[in-house]
Enquirer: 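Below is one structure. I have some questions about it.
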Amino acid sequence: MSETDVRTPDLAELDALGPHPAVDPPPGHTDVPLSLFHTLLESSTLCVAWSDLTLRVLGVSHKFSQLVRRPPGQVRGHDIAALVAPGFAVDIRRRAEQLADGRATRFTENVLIRRADGELVPGHLTGTALCGADDQPRMLVVVFTPERDERPGGRDGLRLSRAGSKVLEAVAAGQSTAWMSAHLYLSRQGVDYHVRTLMRKLDVPNRPALVSRAYSLGMLRPGAWPPRVAPEWVR
C-alpha cells in the first residue's frame with residue numbers, strides 16, 4: 001500500500017462510532033498473565049497505549065486517557081494514528097510496519113497528539129514491538145512523552161533546542177513552513193511540531209504573538225536582521 005492510500009479516520013468519525021468493547025490481544029504475545037499485564041500498563045504513570053500490529057488499540061493507561069481527554073472505551077478498538085495530528089499518521093504507520101515485519105525494534109517520532117477538544121499536544125512517541133515465545137512481534141507498545149509544559153518564569157526553563165532556535169528565527173523573519181522545511185532540513189510536520197512547541201513554551205496562541213513574546217523576553221536579539229536568537233537562550 002502506498003502512503004497516499006493510507007486513510008486515517010478523523011475524530012468526528014470516531015465519536016460517531018461510540019465506545020468500542022475491549023479487544024482480545026493476539027494469543028501468545030507474552031508469558032505474563034493477561035490480567036496482570038493489563039493491570040500493570042493501565043496503572044502506569046506513563047502515557048502508554050498498546051495495540052496490535054495494525055495499530056488497533058487494545059488498551060491505554062489512565063494517564064494516556066487523561067492526556068487525550070477520552071475514556072479508555074472511546075480509544076480501544078480504534079486506530080491509534082487517529083489520535084495524531086494530520087500529517088503525522090502516515091509516518092507513524094510506516095514506522096509501525098517496520099516494527100511489525102522485523103526491520104526495526106524501536107522508533108521515536110516527534111508528533112502532535114490530538115485531544116478530544118482538538119487541542120494539539122507536542123511530544124515524543126516511542127514505539128517498540130512485544131514479541132512472543134517465537135521471537136516474532138505480537139503487538140506494539142507506544143509511550144507518549146509530552147514536551148515539558150513550561151511557562152515563562154526563568155531563562156533556564158525556556159532555553160531552546162538548536163532546531164527550535166532556528167525555527168524561531170525563521171518565523172521571526174516571516175518565512176513560510178515550506179521555506180523552513182527546505183532550508184532547515186525538516187519535514188513540514190517537523191516544522192509544525194517545533195512551532196507548536198515554541199508557542200506552548202511561551203504560552204502564546206499564534207506566530208505573530210510568538211515573535212512578540214520572544215522579543216519581549218530578549219530571546220531574539222534587538223536590531224539584528226535577519227533575526228537571531230541570543231546564544232544564552234540556546235541549550
Side-chain angles (χ1 to χ4, degrees), residues 8-15 47 63-70 80-92 108-125 144-235:
T8 301
D10 60 28
L11 291 178
E13 291 176 301
L14 299 189
D15 288 333
C47 295
K63 192 77 171 179
F64 190 95
S65 178
Q66 292 173 354
L67 174 79
V68 298
R69 297 175 180 168
R70 289 178 175 275
I80 199 172
L83 299 174
V84 181
F88 291 86
V90 170
D91 286 339
I92 294 303
T108 299
E109 289 280 350
N110 293 334
V111 300
L112 298 173
I113 290 287
R114 288 193 297 179
R115 285 177 163 158
D117 58 6
E119 181 183 353
L120 299 177
V121 181
H124 317 290
L125 190 70
F144 179 71
T145 306
E147 192 75 22
R148 285 186 296 173
D149 189 12
E150 299 159 327
R151 295 291 186 262
R155 180 175 297 176
D156 287 344
L158 290 174
R159 292 184 191 275
L160 308 178
S161 67
R162 185 167 299 277
S165 68
K166 294 300 182 184
V167 169
L168 178 57
E169 291 171 351
V171 171
Q175 302 293 357
S176 66
T177 296
W179 186 96
M180 285 185 270
S181 178
H183 290 78
L184 300 181
Y185 305 102
L186 295 169
S187 66
R188 295 177 70 92
Q189 293 79 21
V191 172
D192 191 28
Y193 169 84
H194 283 293
V195 171
R196 292 279 181 176
T197 298
L198 288 166
M199 290 194 299
R200 186 177 177 86
K201 189 184 288 284
L202 272 61
D203 196 18
V204 295
N206 51 47
R207 293 189 183 197
L210 173 64
V211 175
S212 296
R213 183 65 170 153
Y215 273 116
S216 72
L217 289 170
M219 192 174 284
L220 287 167
R221 302 170 74 172
W225 190 264
R228 289 290 179 266
V229 172
E232 60 268 25
W233 287 95
V234 182
R235 61 172 182 261

Enquirer: To the nearest 0.5 Å, what is the distance between CG on Asp91 and CG on Leu125?
Expert: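 Result: 11.5 Å between the selected atoms.
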
Enquirer: Quick check on Arg221: does its CZ atom have over 12 non-hydrogen neighbours (other residues, nucleotides or ligands) under 6.0 Å away?
Expert: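 It does not: Arg221 CZ has 12 such atoms or fewer within range.
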
Enquirer: To the nearest 0.5 Å, tell me how far Leu202 CG sits from Leu210 CG.
Expert: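 The CG atom of Leu202 sits 6.0 Å away from the CG atom of Leu210.
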
Enquirer: If we only count heavy atoms from C-beta on, is the Leu198 to Val167 side-chain gap below 4.5 Å?
Expert: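 Result yes, sub-4.5 Å side-chain heavy-atom pair found.
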
Enquirer: Give, for atom NE2 of His194 and atom NZ of Lys201, the distance between the pair rounded to the nearest 0.5 Å.
Expert: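 Answer rounded to 0.5 Å: 11.5 Å.
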
Enquirer: Nearest heavy-atom pair of Leu168 and Met219: which atoms, and what distance?
Expert: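 Taking Leu168 first and Met219 second, the nearest heavy atoms are CD2-SD, 3.7 Å.
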
Enquirer: Tell me the closest heavy-atom pair linking Glu169 and Val229, and the distance in Å.
Expert: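 Smallest interatomic distance, heavy atoms only, reads OE2-N, 2.8 Å.
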
Enquirer: For the residue pair Val111 and Phe144, what are the closest heavy atoms and their distance?
Expert: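 It is CG2-CE1, 3.7 Å.
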
Enquirer: Under 4.5 Å between any side-chain heavy atoms of Leu112 and Val84, yes or no?
Expert: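 When only atoms from C-beta onward are counted, Val84 and Leu112 do not touch, as no gap falls below 4.5 Å.
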
Enquirer: Taking Arg213's backbone N and O only, do any of them form a donor-acceptor pair with Ser216's side chain (distance below 3.5 Å, no angle check)?
Expert: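 A pair under 3.5 Å: yes.
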
Enquirer: Does some side-chain heavy atom of Arg114 sit less than 4.5 Å from a side-chain heavy atom of Val68?
Expert: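 No, too far: nothing below the 4.5 Å cut-off.
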
Enquirer: Indicate yes or no: at least one non-hydrogen side-chain atom of Met180 is less than 4.5 angstrom from one of Val171.
Expert: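 Yes - at least one pair of side-chain heavy atoms lies under 4.5 Å apart.
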
Enquirer: Hey, what do you get for CG (Leu160) to OG1 (Thr197), rounding to the nearest 0.5 Å?
Expert: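 Between atom CG of Leu160 and atom OG1 of Thr197 there are 10.5 Å.
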
Enquirer: Where do Val121 and Pro146 come nearest, in terms of heavy atoms and distance?
Expert: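 Val121 and Pro146 have their closest heavy atoms at CG1-CB, 4.3 Å.
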
Enquirer: Give me the atom names and distance for the closest heavy-atom approach of Arg188 to Ser181.
Expert: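 Closest heavy-atom pair between Arg188 and Ser181: N-OG, 3.7 Å.
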
Enquirer: Any heavy-atom pair between the side chains of Pro205 and Met199 that's under 4.5 Å?
Expert: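 A side-chain contact under 4.5 Å is absent here.
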
Enquirer: Can you tell me how far the OG atom of Ser176 sits from the NE2 atom of His183, to the nearest 0.5 Å?
Expert: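 Rounded to the nearest 0.5 Å, the OG-NE2 separation comes out at 9.5 Å.
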
Enquirer: From Ser161 OG over to Arg235 CZ, what is the distance, rounded to the nearest 0.5 angstrom?
Expert: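 Those atoms lie 5.5 Å apart.
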
Enquirer: Just so I know, are the side chains of Arg159 and Val234 near enough to count as touching, which here means a heavy-atom distance under 4.5 Å?
Expert: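 No; the side chains remain at least 4.5 Å from each other.
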
Enquirer: Can you find a pair of side-chain heavy atoms, one from Trp233 and one from Leu220, that are under 4.5 Å apart?
Expert: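 Contact flag for Trp233/Leu220 side chains = no.
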
Enquirer: Under a 4.5 Å cut-off applied to non-hydrogen side-chain atoms, are Pro227 and Tyr215 in contact?
Expert: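 Yes; the side chains approach each other to less than 4.5 Å.
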
Enquirer: Closest heavy-atom contact between Leu120 and Ala85?
Expert: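 Closest approach of Leu120 to Ala85: CD2-CB, 3.8 Å.
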
Enquirer: Does the distance from a Lys or Arg side-chain N to an Asp or Glu carboxylate O, for Arg196 and Glu119, drop under 4.0 Å?
Expert: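 The answer is no: the pair does not qualify as a salt bridge.
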
